[in-house]
Chemist: 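Have a look at this one before I ask anything.
As the structure is a prediction and not an experimental result, all values here were calculated from the model.
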Amino acid sequence: MSDAQTGGGGGVGTGADAGKAGPRRRRRPSGSRWWAAGLFLLPALVLLGALVGYPIGFSVYRSLFDASGNGFVGLGNYGAMFSDDGIRTALKNNVVWVVVAPTVSTALGLIFAVLTERVRWGTAFKLVVFMPMAISMLAAGIIFRLVYDQDPQRGVADAVWVAVHDTFAAPAPFPGAKPRPHADLRPSGGGAFTTRSVVRAGSPVGLPLVAVQPQDVRAAKPAVAARPRPGEVTGTAWLDFTRGGGGRPNVVDPGEKALAGLTVEAVKGGRVVASAVTAADGTYALPADLADGAHLRLPAADFAAAYNGVDWLGPALVTPAIIGSYVWMWAGFAMVLIAAGLAGVPRELLEAARVDGAGEWQVFRRITVPLLAPVLVVVLVTLMINVLKIFDLVYIIAPGSSLRSANVLALQLFQSSFGTDVDEGLGSAIAVFLLVLVMPVMYVNLRRIRKERRR
C-alpha cells in the first residue's frame with residue numbers, strides 16, 4: 001500500500017510538474033530578438049545603400065539638371081540622348097552586342113562541353129579554353145589590339161589572312177606602277193589605264209610606265225622596241241627611266257628595263273576583244289583582225305597594290321572584331337557551367353534513345369538541349385547582363401579613328417561624364433537608361449531563381 005501510495009504520489013507529482021511546465025513557450029530566435037537580426041543586417045544595408053541605393057538615386061536626380069547642375073531641364077537630357085547621333089550609334093551597337101555575343105558564347109560553350117565529354121583529353125581542353133577568364137579585360141584588350149594590327153608583321157590575324165590570300169591569289173606584276181606623264185595612256189577608272197587613241201596594225205604601240213618598284217625589275221631584261229608585223233598589232237611595255245638620266249621620254253632607250261608579264265587588252269565598245277601578255281623583252285602582239293581600231297588597256301590587276309590584309313579595326317569591322325575577343329574570353333565560362341549541367345543529365349535517357357535508334361544529332365537536339373535548357377538560360381542571361389555594361393574591350397581595342405563606330409552605351413556614359421565635353425546631366429541620363437535596360441533581364445533571372453527554389 002505504501003508502494004501504491006508512493007507510486008500514486010509519484011504520479012501526482014509528475015502531473016504537477018507537467019502542469020507547471022505546460023504554460024512555458026519555446027523562445028523563437030528571430031521572433032523575440034528581431035533587433036539582433038537587424039543588427040547583423042545593418043552593415044550590409046548601409047553598404048548596399050551607400051554603394052547601390054545612393055548612386056542610383058543621385059543619378060536619377062542629376063539627370064534632371066543641365067551640365068552645370070543648376071538649371072532644371074526635366075526630361076530634356078533624355079530627349080537629347082536619343083537625338084544625338086553618337087548615342088544612337090552606341091545604342092545600335094549595344095543591340096548587336098546583346099544579340100550576338102551571348103548567343104555565340106553560349107553556343108560555343110555548349111559545343112565544347114558536349115564534344116569534350118567523351119575524349120580522354122577533355123579536361124585539358126577545357127582548361128585551355130577557360131584560361132582566358134583569368135586574364136583581365138585590360139590585358140585582353142591589349143592582346144587583341146596587337147592581334148588585329150593591320151601590319152602582317154605584327155598582327156596575327158592579318159598574318160594568317162595574308163598567307164591564305166597569297167597562296168590562292170597571284171600577286172600583281174608591278175604594284176603601284178603608272179603611265180609616264182603626257183603619254184597616250186590615261187586612267188580609265190578602277191586602277192586601269194587605256195590609250196587615248198585607237199591602234200592600227202603596222203604601227204607599234206609603246207606603253208611606257210614609271211613608278212615601278214626597283215625589286216620588281218631587278219632581274220628584268222633590257223626592253224626591245226617592237227617591230228611591225230603583218231596581221232598583228234605590236235608594241236612594247238617598259239620602264240621609261242634611264243638610270244643616271246639622259247633618256248628620251250616615250251622612247252625605248254638602251255638599258256631601260258622590260259616589263260614582262262603585263263596583261264594587255266584590246267577593247268572595243270567597252271568589251272575586251274583580244275588580250276596578250278608581254279614577253280621577257282616587254283613586247284606583245286595582238287591579232288589585227290580583232291585589235292585593229294581598238295583601244296589598248298592595261299587592267300587594274302597589273303598594278304594592284306600588294307595585299308596587306310584586312311582592316312579589322314576599321315569602321316566596318318571594328319564591332320565584330322571586338323565581339324570576337326569577348327567570345328574568346330567568355331566561351332570558357334559558358335563551357336564550364338554547361339559542362340556542370342551536363343554532368344547531371346541522366347545517362348539512362350541518352351542510352352535509351354540510342355538503343356531506340358536515335359542518331360547523335362537527334363539525341364543532342366531532342367534530349368540533351370531540352371534537359372540543359374535551365375543551364376543555358378542561366379548562362380545566356382548572365383552574359384547578357386555582362387554585355388550591357390561592356391566598356392573595357394571597346395575602349396582599349398578600338399583605335400581613335402574607329403572609336404565612334406564601335407561606341408557602346410557604357411563607353412558613351414564615360415565620355416559624356418568625364419570626356420572632353422563634360423555633361424554630367426547627359427551622362428546620368430545614359431546611366432539611368434542603361435539601368436532600365438538591365439532591369440528586364442534581372443527580372444527574368446529573379447523569376448527563374450524563384451521557380452528553382454519552389455522545386
Chemist: Do the side chain of Arg297 and the main chain of Val267 share a donor and acceptor less than 3.5 angstrom apart?
Modeler: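 No; judged by distance alone, with no hydrogens or angles, the pair does not exist.
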
Chemist: For residues Leu298 and Leu209, determine if any side-chain heavy atom of one lies less than 4.5 Å from a side-chain heavy atom of the other.
Modeler: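 Heavy-atom side-chain distance check passes, below 4.5 Å.
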
Chemist: Where is the tightest heavy-atom contact between Val273 and Lys268, given as atom of each residue plus distance?
Modeler: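 So the two residues come closest at CG1-CB, 4.1 Å.
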
Chemist: Could you report the tightest heavy-atom contact between Thr194 and Ser188, atom names first, then the distance?
Modeler: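 Looking at all heavy atoms of both residues, the closest pair is OG1-OG, 2.9 Å.
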
Chemist: Might you point out which heavy atoms bring Ala301 and Pro173 nearest each other, and give the distance in Å?
Modeler: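 In this case the closest contact between Ala301 and Pro173 is O-CD, 3.8 Å.
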
Chemist: Can Gln150 and Leu313 be said to form a side-chain contact (heavy atoms from CB on, under 4.5 Å), step by step?
Modeler: CA-CA 8 Å; Gln150 192 173 4; Leu313 299 182; over 6 Å; no

Chemist: Are Val387 and Val408 side-chain neighbours, meaning at least one heavy-atom pair lies under 4.5 Å?
Modeler: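 Val387 does not reach Val408 side chain to side chain.
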
Chemist: The test is side-chain contact (heavy atoms from CB on, under 4.5 Å); show your working for Asp302 and Leu259 and say whether it passes.
Modeler: CA-CA 11 Å; Asp302 288 338; Leu259 300 180; over 6 Å; no

Chemist: Using a 4.5 Å cut-off on heavy atoms from C-beta on, say whether the side chain of Leu115 contacts that of Val119.
Modeler: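 Side chain of Val119 against side chain of Leu115, heavy atoms only: no contact under 4.5 Å found.
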
Chemist: For Phe130, what residues pass the ring-ring contact (aromatic ring centres under 6.0 Å, His included) criterion, not counting sequence neighbours?
Modeler: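 ring-ring contact (aromatic ring centres under 6.0 Å, His included) check on Phe130 returns nothing, list empty.
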
Chemist: Rounded to the nearest 0.5 Å, how far apart are CG of Leu413 and CD1 of Ile87?
Modeler: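 Rounded to the nearest 0.5 Å, the CG-CD1 separation comes to 10.0 Å.
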
Chemist: Using salt bridge (Lys or Arg N to Asp or Glu O under 4.0 Å) as the criterion, list what pairs up with Arg145, not counting sequence neighbours.
Modeler: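 In terms of salt bridge (Lys or Arg N to Asp or Glu O under 4.0 Å), with neighbours along the sequence ignored, Arg145 is linked to no residue.
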
Chemist: Distance from Glu265 atom CD to Leu296 atom CG, nearest 0.5 Å?
Modeler: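 It is 10.0 Å, given to the nearest 0.5 Å.
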
Chemist: What distance do Leu207 atom CG and Asp184 atom CG have between them, rounded to the nearest 0.5 Å?
Modeler: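 Reported to 0.5 Å precision, the distance equals 9.0 Å.
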
Chemist: Keeping Tyr326 on the side-chain end and Leu393 on the backbone end, is there a donor-acceptor pair under 3.5 Å?
Modeler: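 Not confirmed, Tyr326 side chain does not pair with Leu393 backbone.
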
Chemist: Among pairs that include at least one residue of residues 396-406, which meet side chain to side chain donor-acceptor pair (under 3.5 Å), considering only residues two or more places apart or in two chains?
Modeler: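 Residue pairs with at least one partner in residues 396-406: there are none.
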
Chemist: Find the distance between CD1 (Ile142) and CD1 (Ile397) and round it off to the nearest 0.5 Å.
Modeler: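 It is 10.0 Å, given to the nearest 0.5 Å.
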
Chemist: Report, as yes or no, whether the 6.0 Å neighbourhood of atom CH2 on Trp161 holds more than 12 heavy atoms from other residues, nucleotides or ligands.
Modeler: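 No - once you tally the heavy atoms of other residues, nucleotides and ligands closer than 6.0 Å, there are 12 at most.
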
Chemist: Among Asn93, Thr89, Asp84, Asn407, which residue satisfies the side chain to side chain donor-acceptor pair (under 3.5 Å) criterion with Gln412?
Modeler: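 When side chain to side chain donor-acceptor pair (under 3.5 Å) is applied between Gln412 and each of Asn93, Thr89, Asp84, Asn407, only Asn407 qualifies.
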
Chemist: Of all the heavy-atom pairs spanning Ala220 and Ala258, show the shortest one and how long it is.
Modeler: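 Reported closest heavy-atom pair: CB-O, 3.5 Å.
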
Chemist: For Tyr443, what residues pass the ring-ring contact (aromatic ring centres under 6.0 Å, His included) criterion, not counting sequence neighbours?
Modeler: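 ring-ring contact (aromatic ring centres under 6.0 Å, His included) check on Tyr443 returns nothing, list empty.
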
Chemist: CE of Met133: more than 12 outside heavy atoms within 6.0 angstrom?
Modeler: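 Count over threshold, so yes.
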
Chemist: Pairs in or reaching into residues 121-138: which pass side chain to side chain donor-acceptor pair (under 3.5 Å), with residues at least two apart or in two chains?
Modeler: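 Those involving residues 121-138 do not exist here.
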
Chemist: So, using salt bridge (Lys or Arg N to Asp or Glu O under 4.0 Å) as the criterion, who are the partners of Asp85 when residues are at least two apart?
Modeler: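 Partners of Asp85 by the salt bridge (Lys or Arg N to Asp or Glu O under 4.0 Å) criterion, ordered by chain and then number, come out as Arg88.
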
Chemist: With sequence neighbours left out, write down each residue that passes ring-ring contact (aromatic ring centres under 6.0 Å, His included) with Phe193, or none if nothing qualifies.
Modeler: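 For Phe193 the ring-ring contact (aromatic ring centres under 6.0 Å, His included) partners, ignoring immediate neighbours, are Phe303.
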
Chemist: Please identify each residue that fulfils salt bridge (Lys or Arg N to Asp or Glu O under 4.0 Å) with Asp149, with sequence neighbours left out.
Modeler: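 Counting only residues at least two positions away or on another chain, Asp149 forms a salt bridge (Lys or Arg N to Asp or Glu O under 4.0 Å) with Arg154.
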
Chemist: Show your working on side-chain contact (heavy atoms from CB on, under 4.5 Å) between Val60 and Val432 and close with a plain yes or no.
Modeler: CA-CA 6 Å; Val60 174; Val432 173; 3.9 Å; yes

Chemist: Answer whether the closest heavy-atom distance between the side chains of Val394 and Trp97 falls below 4.5 Å.
Modeler: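 Yes, close enough: below the 4.5 Å cut-off.
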
Chemist: For Pro299 and Thr263, work out which heavy atoms get closest and say how close.
Modeler: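 Scanning both residues, the minimum pair turns out to be CD-O, 3.1 Å.
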
Chemist: Could you tabulate the donor-acceptor pairs under 3.5 Å formed by side-chain atoms of residues 329-358, not counting sequence neighbours?
Modeler:
{"unit_1": "Arg347", "atom_1": "NH1", "unit_2": "Glu117", "atom_2": "OE2", "d": "2.6"}
{"unit_1": "Arg347", "atom_1": "NH2", "unit_2": "Glu117", "atom_2": "OE2", "d": "2.6"}
{"unit_1": "Arg347", "atom_1": "NH2", "unit_2": "Leu342", "atom_2": "O", "d": "3.0"}
{"unit_1": "Glu351", "atom_1": "OE2", "unit_2": "Arg354", "atom_2": "NH1", "d": "3.2"}
{"unit_1": "Arg354", "atom_1": "NE", "unit_2": "Glu360", "atom_2": "OE2", "d": "2.8"}
{"unit_1": "Arg354", "atom_1": "NH2", "unit_2": "Glu360", "atom_2": "OE1", "d": "3.4"}

Chemist: Sequence neighbours left out, what pairs pass side chain to side chain donor-acceptor pair (under 3.5 Å) with at least one residue falling in residues 310-324?
Modeler: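 Only Asp158-Trp312 qualify under side chain to side chain donor-acceptor pair (under 3.5 Å).
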
Chemist: More than 12 non-hydrogen atoms from neighbouring residues, nucleotides or ligands closer than 6.0 Å to CZ on Phe418, yes or no?
Modeler: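 No, CZ of Phe418 has 12 or fewer neighbouring heavy atoms, counting only those of other groups under 6.0 Å.
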
Chemist: Does any part of the side chain of Val369, heavy atoms only, come nearer than 4.5 Å to the side chain of Leu376, both counted from C-beta?
Modeler: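 Yes. Closest side-chain heavy atoms under 4.5 Å.
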
Chemist: Which pairs, with at least one residue in residues 52-77 and sequence neighbours excluded, count as a side chain to side chain donor-acceptor pair (under 3.5 Å)?
Modeler: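 Qualifying pairs, neighbours excluded: Ser63-Tyr78, Asp66-Ser68.
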
Chemist: Taking all non-hydrogen atoms of both residues, which atom of Ala237 and which atom of Leu262 are closest, and how far apart?
Modeler: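 Distance-wise, the nearest heavy atoms are CB-CD1, 3.8 Å.
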
Chemist: Is there a side-chain contact between Val100 and Pro320, using heavy atoms and a 4.5 Å cut-off?
Modeler: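 Heavy-atom side-chain distance check fails, nothing below 4.5 Å.
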
Chemist: Name the residue from Leu411, Leu388, Leu437 that meets the side chain to side chain contact (heavy atoms under 4.5 Å, CB included) definition with Asn94.
Modeler: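 Considering Leu411, Leu388, Leu437, a side chain to side chain contact (heavy atoms under 4.5 Å, CB included) with Asn94 is found only for Leu388.
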
Chemist: Just jot down the ring-ring contact (aromatic ring centres under 6.0 Å, His included) partners of Phe82, sequence neighbours excluded, or say none.
Modeler: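 Partners of Phe82 under the ring-ring contact (aromatic ring centres under 6.0 Å, His included) test: Phe433.
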
Chemist: Assess whether side-chain contact (heavy atoms from CB on, under 4.5 Å) is satisfied between Ile396 and Met137, documenting all intermediate values.
Modeler: CA-CA 9 Å; Ile396 297 168; Met137 287 281 193; 6.0 Å; no

Chemist: Hey, what do you get for OG1 (Thr106) to CG (Leu372), rounding to the nearest 0.5 Å?
Modeler: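 The CG atom of Leu372 is 12.0 Å from OG1 of Thr106, to the nearest 0.5 Å.
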
Chemist: So, taking the atom named CD1 in Ile56 and the one named CG in Leu435, what distance separates them when rounded to the nearest 0.5 Å?
Modeler: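 So the gap between those two atoms works out to 5.0 Å.
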
